[in-house]
Amino acid sequence: MHALTLVIDPGPWLTVGTIGVLLVSATSGVVRYLLIRTAVDRAAVRRAAGQGVSADRAADRASGSASFVATATGAVVAFWFVLARYGGPGQRFEPFVGPDSLDRVLERFRQATETMSTQVAPVGPDEAISMVAVGGTLLVLLIVDSLAGARMPGFAGIPLLLLWTPPLTLIGEVPWLVFVVSVTAMLLLLTVDPVGVTPGRSTGSDSAAVRRAQRFRSWITAGTAAAVAAASLGVATGMATLPALAGTWNQLISTPSDTVELSSELDMRQPLSARSSNTVLTYTVSDEAPVGPLRVMTLTAFDGVQTHRNVPTGGLASFDRTTVLAPPGEGSVGESHQVDIRIGQLTGAELPLPLEPRTVDAEGDWAYDGIRDEVRGAEGTQPDAVYRVGIVDRQLTPELLRSVPTSGDPRSAGYTEVPDTEHREDIADYARRIAGDAPTRFDAAVALQNHLRSGSGFVYDPDADYRGSSDTVWDFLQNKEGYCTQYALSMMVMARTLDIPARIGVGWLPGRPDSQGSFRVTGQDSHAWPELYFPSVGWVRFEPTPQVQTGPLPAYANPAAGNLPTSAPSASRAPEVPSQQPSQAPTQSGPAATAGASGDTVSDRTLPGWAWVVAAVVGLGLLGGAAWLMLRRRTEEEVLDPELAWSRVLALLAERGVRPGPSVTLRQAPAYIAEEIRGRTGAALPDDVAERLSALAGAAEAERYARHSTPPTAAELEELTAALTAALTTVLTPTR
């Protein structure tokens, strides 16, 4: 459960989850113990009555039933615990649950799914997210319990990896202590007898040497597990720092040394390569105001495949720490807040800066390019360099952006150029069908953004490969799979077909908080986004890349804020890219078109909460049923052979304190047992009992060692074993 602290900030949910784990574990353990203890007592009575074989079978079946009932009881307690803790009207524990509790839990589950689909990890530990974390942990616990009850200890550790999936998927790491402890425990499970024995029948050895060997094996396994886990952590950390293994991002990120550098070109054809996990910078903010992405450069020219920086510079101008750096035409500004940035493993001529107008206080020879909105220096960024930025908020709102003129000059040519490809007109028609009826530039921008971000089936896919494409934008609009490069460049091209000046920003997402109270940005946070020009306001960022990668939208363009334009184009006009003749006018119908294409709505494709609960209950039931069937197959009536019959006799003798040591062979065992019984009872073993004992030991020896043997039939063994166990029970039962 503690692995989830990388994606959910620590809070009271850890205590609640720990209590739930202890409560469910104790319930399952106590129920299992009581049921098995009852079965053991009944089996002892039947053995005393001379029904040793049937008693063993009954004990096997009782063991399977006990495990199933114990897990089912634990599931009931876990369900009640979640309802009692998270189904109340407030944030308190309500032991008496009912339908209202279930409704509140389902509503909180719906809220949690919305949070998980719109926010970037780590998220705050609110009640909804905490409920999902605790409930998921208890579900994993029940799966583990069912596998352990089915006598599969080696497999019981595998479901624990389910709790590693969120941090590994979203963050790319697991807390080192959690990793070491979990791996050690999982390897220790491999030292447990995978079959187990029927409760009440001891097959352990009294040999001190055997017990020492068993303990030694466990200690060696534990030590080896800890060493392997620690070594794995070291190797993983070392690999992440090696430039050759850190990977590149489609020529956007290159790591020729131990640093990360952004390239001035984006290639729309290549799949997304592995990105470096090196820390490129850290920063702290003076208040809770959002910083947003940190831009390094802007790109303008696009030939249909790659971007180029061919927009002429505006000339480099010197500045001081009081100068507000912003492109020409930036609008009025509001209050400012401070950001202190420290460079990590980042090299480049440009300084990472927030998108809003800003002041910069940095040591070195830096100059400002007003056209590209870049701060550049001859020496570039240096590791551990520190600089302060004062962000001046433009206070962007939908009303402000909608009120600007519909045309304007961004003071540079090239911002409305469209690649001359074979599908140029198809792309323009596609854009017009999405946003051509928009009354303002802002409405059109939001319609394009939301169509790509959440409409018409677009999905984020880092493995999207367009290397065989002759028109990557058109093929992306048709295939609907890609990462930020495809999304950003496609929106830029479509905006330009609507005569909206557009360019690409390249830089870093805001990163995530660290334990020092700062925000850490790594190479994996590299990102590209479109920026559209609004006269008297300036360049404004939009975010068409799905939220699974980028998190929430900018506040001024976020449907969740409830302030999006009400006059966006009709959803029915959103196009579906044709899969055959590109010259045909694309059409769209059905629920997907209605939900996703509108400029003022974002489709909600998450399942309702009750569906997730039903799926979890059904999944747990199927798993429990499968475990029960496997256990039943394992405990079905066995075909008796000499080896099994001999083990049953030894189990009966062990219950009475007669245990041949590991050095006693099968040939020596009858004489050893007879001598032990003489020493305990003072009387010799009856001849008929001694003969049966020798016959059974001989049959087991022949089966084990003879090249060719003819063992007794199962019926003969049943009769021999029943008579022998009854006679031995009588002989070893003290008279009163």
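Note that the structure is predicted; figures quoted are calculated from it, not measured. All heavy atoms count here, side chains included; hydrogens, waters and symmetry mates do not.
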Problem set entry | Proximity of F476 and F458 rings by center, below 6.0 Å | yes
Seminar exercise, completed: Distance col, row D475:CG vs Q486:CD, nearest 0.5 angstrom, shows 10.5 Å
For this session: Measure centre to centre between the rings of Y368 and F319, then say whether the value is under 6.0 Å.
Result: no
For this session: Would you check if L266 and L299 make a side-chain contact, meaning some heavy-atom pair closer than 4.5 Å?
Result: yes
For this session: For residues V537 and L401, determine if any side-chain heavy atom of one lies less than 4.5 Å from a side-chain heavy atom of the other.
Result: yes
For this session: Could you list the residues that satisfy side-chain contact (heavy atoms from CB on, under 4.5 Å) with R321, not counting sequence neighbours?
Result: D361
Exercise. Going by an N to O cut-off under 4.0 Å, is there a salt bridge joining E356 and R358?
Worked result: no
Seminar exercise, completed: residues 489-501 vs salt bridge (charged side-chain N to carboxylate O under 4.0 Å, His left out), sequence neighbours excluded, gives none
Exercise. Does the side chain of P554 come within less than 4.5 Å of R541's, by heavy atoms?
Worked result: yes
For this session: State, yes or no, whether a side-chain contact exists between Y556 and V540 at a heavy-atom distance under 4.5 Å.
Result: yes
Problem set entry | Interatomic spacing from CG in L489 to CD1 in I504 - rounded to 0.5 Å | 4.5 Å
Problem set entry | Gap between atom CD of E379 and atom CH2 of W366 - 0.5 Å precision | 8.5 Å
For this session: Walk me through it: do R372 and M297 pass the test side chain to side chain contact (heavy atoms under 4.5 Å, CB included)?
Result: CA-CA 7 Å; R372 291 179 176 172; M297 67 187 74; over 6 Å; no
Exercise. Has the side chain of T416 got a donor or acceptor atom that lies under 3.5 Å from a matching backbone atom of P501?
Worked result: no
Seminar exercise, completed: Test side-chain contact (heavy atoms from CB on, under 4.5 Å), reference S518, set V285, D340, I341, T284, output is T284
For this session: Decide yes or no for L509 and V521: does some side-chain heavy atom of the first lie under 4.5 Å from some side-chain heavy atom of the second?
Result: no
Seminar exercise, completed: Taking every heavy atom of P510 against every heavy atom of Y283, the minimum-distance pair comes out as O-OH, 2.6 Å
For this session: Please answer whether the main-chain N or O of G505 pairs with a side-chain N or O of T298 as donor and acceptor at a distance below 3.5 Å.
Result: no
Problem set entry | Pairwise distance CG(L351) to CD1(I343) - rounded to 0.5 angstrom | 6.0 Å
For this session: Kindly indicate, with the supporting measurements, whether the criterion side chain to side chain contact (heavy atoms under 4.5 Å, CB included) is fulfilled by Y533 and V404.
Result: CA-CA 10 Å; Y533 186 78; V404 301; over 6 Å; no
Problem set entry | Non-hydrogen atoms of A464 and G482 that approach each other most closely | CB-CA, 3.6 Å
Exercise. Just how far is it from atom CD of Q449 to atom CG of L532, taken to the nearest 0.5 Å?
Worked result: 10.0 Å
Problem set entry | Spacing of CD belonging to E543 relative to CE belonging to M491, to within rounding of 0.5 Å | 9.5 Å
For this session: Could you go through the side chain to side chain contact (heavy atoms under 4.5 Å, CB included) check for W539 and R503 one step at a time?
Result: CA-CA 9 Å; W539 292 98; R503 68 184 186 187; 3.3 Å; yes
Exercise. Counting only N and O atoms by type, is there a donor-acceptor contact under 3.5 Å from the side chain of R342 to the main-chain atoms of Y387?
Worked result: no
For this session: Taking the side chain as every heavy atom from C-beta outward, state whether Q345 and P383 have any atom pair closer than 4.5 Å.
Result: no
For this session: Can you establish whether the number of heavy atoms outside R388 located under 6.0 Å from its atom CZ is more than 12?
Result: no
Exercise. Okay, side chain of S490, backbone of Y487: is any donor-acceptor separation there less than 3.5 Å?
Worked result: no
For this session: Could you check if a side-chain atom of I500 sits within less than 4.5 angstrom of a side-chain atom of M494, using non-hydrogen atoms only?
Result: no
Problem set entry | Chi angles and distances behind the side chain to side chain contact (heavy atoms under 4.5 Å, CB included) call for R512, D525 | CA-CA 9 Å; R512 63 185 182 91; D525 294 314; over 6 Å; no
Exercise. Distance only, no hydrogens: is a donor on one side chain within 3.5 Å (strictly under) of an acceptor on the other, for Y430 and H451?
Worked result: yes
For this session: Could you pull out the closest heavy-atom pair between P419 and R424, with the gap in Å?
Result: O-CD, 3.6 Å
For this session: Please name the pair of heavy atoms, one in L294 and one in P352, separated by the smallest distance, quoted to 0.1 Å.
Result: CB-CB, 4.4 Å
For this session: Look only at the side chain of T279 and the backbone of L281, and say whether a donor-acceptor pair between them is shorter than 3.5 Å.
Result: no
For this session: For the pair F542 and F534, name the ring-plane relationship: parallel under 30°, tilted 30 to 60°, perpendicular over 60°.
Result: tilted
For this session: Please answer whether the main-chain N or O of T323 pairs with a side-chain N or O of D320 as donor and acceptor at a distance below 3.5 Å.
Result: yes
For this session: Assert yes or no for the condition that the ring centre distance of Y466 to W474 is strictly below 6.0 Å.
Result: no
Exercise. Which pair of non-hydrogen atoms, one from A447 and one from I434, has the smallest distance, and what is that distance?
Worked result: O-CG2, 3.7 Å
Exercise. Taking all atoms of both residues into account, what is the closest heavy-atom pair of L346 and W508, and its distance?
Worked result: CD1-CZ2, 3.7 Å
Exercise. Which pairs, with at least one residue in residues 289-303 and sequence neighbours excluded, count as a salt bridge (charged side-chain N to carboxylate O under 4.0 Å, His left out)?
Worked result: R295-D373, R295-E531
Problem set entry | Test: R402 and D443 ion pair at under 4.0 Å | yes
Exercise. So, do L325 and P357 sit near enough that their side-chain heavy atoms are less than 4.5 Å apart?
Worked result: no
Exercise. Any sub-3.5 Å donor-acceptor pair from R453's side-chain atoms to T545's backbone N or O?
Worked result: yes
Exercise. Hey, does the side chain of D461 reach the backbone of D463 with a donor-acceptor pair shorter than 3.5 angstrom?
Worked result: yes
